[in-house]
A.B. asks: 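Below is the structure I would like to discuss, written out as structure tokens.
First the proteins, then the strands, lettered A, B, ... as listed; each starts at 1.
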There are 2 protein chains.
Amino acid sequence: MNDNQLRDVAWKIMRAALAAVDPARAVKNYFAAHPDAAAHIQTTPGRVFVVGAGKAGAPMAQAVAELFGNAIAGGCVIVKTGHTGKTPPPNIDVRQAAHPVPDESGLQAARQIEQLLAQTTPDDTVLCLISGGGSALLTLPAEGISLADLQETTRQLLAAGSTINEINTIRKHLSAVKGGGLARMAAPARIYTLILSDVVGDPLEVIASGPTVPDPSTFADAWALVERYRLQNSLPAAVAQRLRAGVAGLVADTPKPGNPIFEHVQNQIIGSNLIAARAAVQAAESAGFSAQLLSTFVEGEAREVGRVVAGLAKGLLKNETALARPACLVLGGETTVTLKGSGKGGRNQEMALAAAIALQGWPNALVVCLGTDGNDGPTDAAGAFADGNTVARARAQGLDAPDFLNRNDAYHFFEALDQLIITGPTNTNVNDLTLILAGR
Amino acid sequence: MNDNQLRDVAWKIMRAALAAVDPARAVKNYFAAHPDAAAHIQTTPGRVFVVGAGKAGAPMAQAVAELFGNAIAGGCVIVKTGHTGKTPPPNIDVRQAAHPVPDESGLQAARQIEQLLAQTTPDDTVLCLISGGGSALLTLPAEGISLADLQETTRQLLAAGSTINEINTIRKHLSAVKGGGLARMAAPARIYTLILSDVVGDPLEVIASGPTVPDPSTFADAWALVERYRLQNSLPAAVAQRLRAGVAGLVADTPKPGNPIFEHVQNQIIGSNLIAARAAVQAAESAGFSAQLLSTFVEGEAREVGRVVAGLAKGLLKNETALARPACLVLGGETTVTLKGSGKGGRNQEMALAAAIALQGWPNALVVCLGTDGNDGPTDAAGAFADGNTVARARAQGLDAPDFLNRNDAYHFFEALDQLIITGPTNTNVNDLTLILAGR
């Protein structure tokens with residue numbers, strides 16, 4: 001197969017994968033697959049509230065509004081500034097807030113959600129719509145803590161070398177909504193939380209900091225981390241004071257697994273890397289390719305993962321695998337880039353460039369590196385195509401592939417070759433997909 | 001399955017994979033599968049000579065001697081100092097030479113091979129036994145070039161940033177044996193070259209610098225590289241002089257594809273990463289595991305490849321792949337380590353350590369990183385086992401896994417945990433294997 005034929009198939013696969021995790025479609029798919037939940041919302045004598053946060057909040061809220069219309073008593077969904085969608089859903093406020101650094105507008109919107117949930121009764125139902133960015137967008141510091149206190153705490157933890165999990169443990173104990181806090185506000189109402197996951201492996205307690213998920217970590221855990229990183233005396237006074245009060249049992253801890261407030265909570269992943277990857281496999285098979293998903297847990301330095309991906313492509317081309325060609329391997333996850341240069345790019349474009357270098361001279365394969373949100377790094381591309389002729393085509397234009405890689409400038413490399421993948425913003429984010437196609 | 005059960009299965013798989021590429025067994029397998037070749041050697045009216053070079057030269061020569069005994073008229077095989085094996089084969093000199101930097105003994109041995117091959121007639125047959133290290137061990141500079149000239153040339157090319165392929169192009173044009181030179185010496189005899197490949201992808205022209213393989217590169221190519229790296233005036237005079245003479249057509253170029261001397265040459269890979277990997281798949285299946293080879297072309301920075309491997313293990317554990325558990329994925333290739341610290345380790349141990357860190361808290365999987373020669377880096381271990389409890393076990397002993405990884409000290413990490421893989425020298429080398437096992 002020539003490069004264009006492989007790219008045509010790749011586009012079919014990408015479109016199918018992205019469609020499977022389209023926010024509105026994912027919401028509708030969920031209720032189509034769970035008619036009990038849909039019927040409950042349509043016929044409940046109680047009220048139905050819609051709350052939530054995340055970059056995909058607007059299309060998710062619009063889908064809910066289309067499905068349930070007047071059954072919705074009211075709601076508030078917090079989205080990233082500019083992500084309000086085309087049609088504002090009736091009865092649901094779509095409020096904008098800053099991302100990734102929380103701001104006062106977000107805080108005001110979170111207070112509106114708090115007030116909305118304060119009035120719920122056991123008859124009521126809360127639909128909670130969560131998507132990527134939800135953790136920053138849904139920010140409501142615990143009493144006495146300011147936004148500035150939170151930022152300073154995060155800054156100190158990062159500087160001390162703590163992991164993202166450790167930071168989240170502490171943040172959950174400084175928040176009114178994270179770590180099950182929103183479920184506590186909404187109790188005793190029934191809660192359906194629909195989640196579009198942007199975290200590798202879909203850990204419920206991590207996505208948007210788990211607003212309706214039990215938090216196994218305690219104030220004691222949080223304080224132990226503060227001591228481990230020797231921040232007892234440098235943290236903002238209000239933060240240290242709250243954590244000490246928590247350890248002393250003077251402040252309620254986050255709700256733990258087994259807490260009865262979770263009896264009426266259902267957390268459901270409605271869109272994820274796995275769902276997109278499975279749709280990709282199906283689309284590849286529809287195109288006549290034998291296809292296989294290997295893992296949605298691919299992490300690592302983008303340029304090195306790209307080399308491994310090229311190695312997998314060679315295995316396909318040499319018929320080392322059990323897959324008959326034409327064949328397609330699907331991988332999912334999220335790589336990282338350690339910046340060395342000052343070029344323009346993103347992790348998917350960088351991975352593709354490294355794959356192209358390793359694949360030099362191997363015809364009949366195509367590597368596709370795609371960020372499902374349509375924005376790979378600070379660029380307007382979702383990713384890039386790499387094949388065995390890419391480096392030679394570049395050389396013919398006077399472009400040196402390793403040099404572009406060294407400068408982290410994959411965008412300009414692929415732009416010159418017309419090998420960028422441009423989808424525009426997809427309004428969804430379920431991390432990245434890598435496709436490895438090999439022709440017959 | 002518990003860790004010990006998975007390790008037992010892993011040992012079965014490793015033993016089967018190593019047995020499949022045992023040098024003596026690989027030679028015997030070749031002739032068992034090619035009875036015509038065996039019959040020709042046993043019944044030819046001409047003489048049979050055995051030559052060759054490589055770390056596995058001794059057991060390969062012993063196998064040939066066992067098979068063909070008195071049919072062998074004489075021979076000379078060059079091995080690394082200390083690799084002479086137990087029983088010297090009758091009629092074949094096993095000569096020792098330095099590796100990886102060629103020395104005068106190697107040169108003398110290569111001259112003996114040259115003299116042996118000078119007497120061949122069209123009735124004669126040459127068995128050429130090639131294995132890892134053959135390029136350095138089989139060194140015979142072209143007339144007028146000294147060992148010191150070769151070393152200085154390599155040094156300058158490396159310092160100028162040229163690739164290993166570019167260095168080989170130049171070396172072939174400074175050698176009497178590389179790049180088809182040995183085939184030219186042996187012509188018009190018939191040649192069977194049996195190759196134990198230590199190069200990823202088994203490129204015949206690269207393994208041991210292809211002594212019986214056509215060389216597509218020309219003196220013009222070699223000189224173009226010299227000019228590209230601006231070494232015209234710094235290379236040793238004899239080297240520059242020979243290359244210029246070659247460009248001017250005053251010296252015969254290496255024999256090219258289509259040259260009639262190759263009509264009677266057969267180059268055969270008898271042991272390779274692919275052969276070992278396929279044996280691993282078979283052994284895993286015999287142990288009741290569903291098993292799959294993904295690629296023998298895995299390259300990249302060891303610690304990043306280790307993270308990807310952990311990602312693949314997670315995919316198996318989460319049943320994302322088509323493989324039913326218990327399952328085993330097999331990967332082959334050779335990673336690299338960019339040294340940062342001054343610890344002790346090797347690429348396989350480093351990969352295993354990175355995999356262990358990424359696999360923390362994921363029970364029921366085992367990652368096996370194995371160097372098939374039994375010596376991973378400058379250590380007496382072939383590699384290491386990694387699983388989801390490794391990091392916790394280490395912590396219980398006061399060992400911090402990321403710290404050991406930062407210091408490139410995987411050997412001491414795994415030694416303390418009794419997770420080193422110790423095989424002793426295997427007398428073979430077909431790069432590295434990675435096994436990813438997931439229990440039921």
A.B. asks: With a 4.5 angstrom heavy-atom cut-off, could you sort out which part of B/L331 is near chain A: side chain, backbone, both or neither?
C.D. replies: side chain
A.B. asks: Can a donor-acceptor pair be found, under 3.5 Å and without considering hydrogens, that links the side chain of B/E304 to the backbone of A/E301?
C.D. replies: yes
A.B. asks: Go through the atoms of B/R278 and report whether side chain, backbone, both or neither lie under 4.5 Å from a heavy atom of chain A.
C.D. replies: side chain
A.B. asks: Which one wins on heavy-atom pair count under 4.5 Å against chain B: A/E320, A/K314, A/R307, A/K318?
C.D. replies: A/E320
A.B. asks: For chain A, which candidate among B/V309, B/L323, B/V330, B/L312 shows the most heavy-atom pairs at distances under 4.5 Å?
C.D. replies: B/L312
A.B. asks: Hey, is NZ on A/K340 packed in by over 12 heavy atoms from elsewhere, all under 6.0 Å?
C.D. replies: no
A.B. asks: Please report the shortest heavy-atom distance between A/V308 and B/V305, naming the atom on each side.
C.D. replies: CG2-CG2, 3.7 Å
A.B. asks: What part of B/L293 gets within 4.5 angstrom of chain A, counting heavy atoms only: side chain, backbone, both, or neither?
C.D. replies: both
A.B. asks: Take a 6.0 Å sphere around CD of B/Q360 and say whether it holds more than 12 heavy atoms from other residues, nucleotides or ligands.
C.D. replies: yes
A.B. asks: Please round to the nearest 0.5 Å and tell me the distance separating atom CG of B/L329 and atom OG1 of A/T321.
C.D. replies: 11.5 Å
A.B. asks: For A/L294, is it the side chain, the backbone, both, or neither that has a heavy atom closer than 4.5 Å to a heavy atom of chain B?
C.D. replies: both
A.B. asks: Among A/V200, A/T296, A/L316, A/V298, which residue has the highest count of heavy-atom pairs closer than 4.5 Å to chain B?
C.D. replies: A/T296
A.B. asks: Measure distances from B/E299 to the heavy atoms of chain A and classify the residue's part below 4.5 Å as side chain, backbone, both or neither.
C.D. replies: both
A.B. asks: How close do A/S295 and B/G311 get, heavy atom to heavy atom, and via which atoms?
C.D. replies: OG-O, 2.6 Å
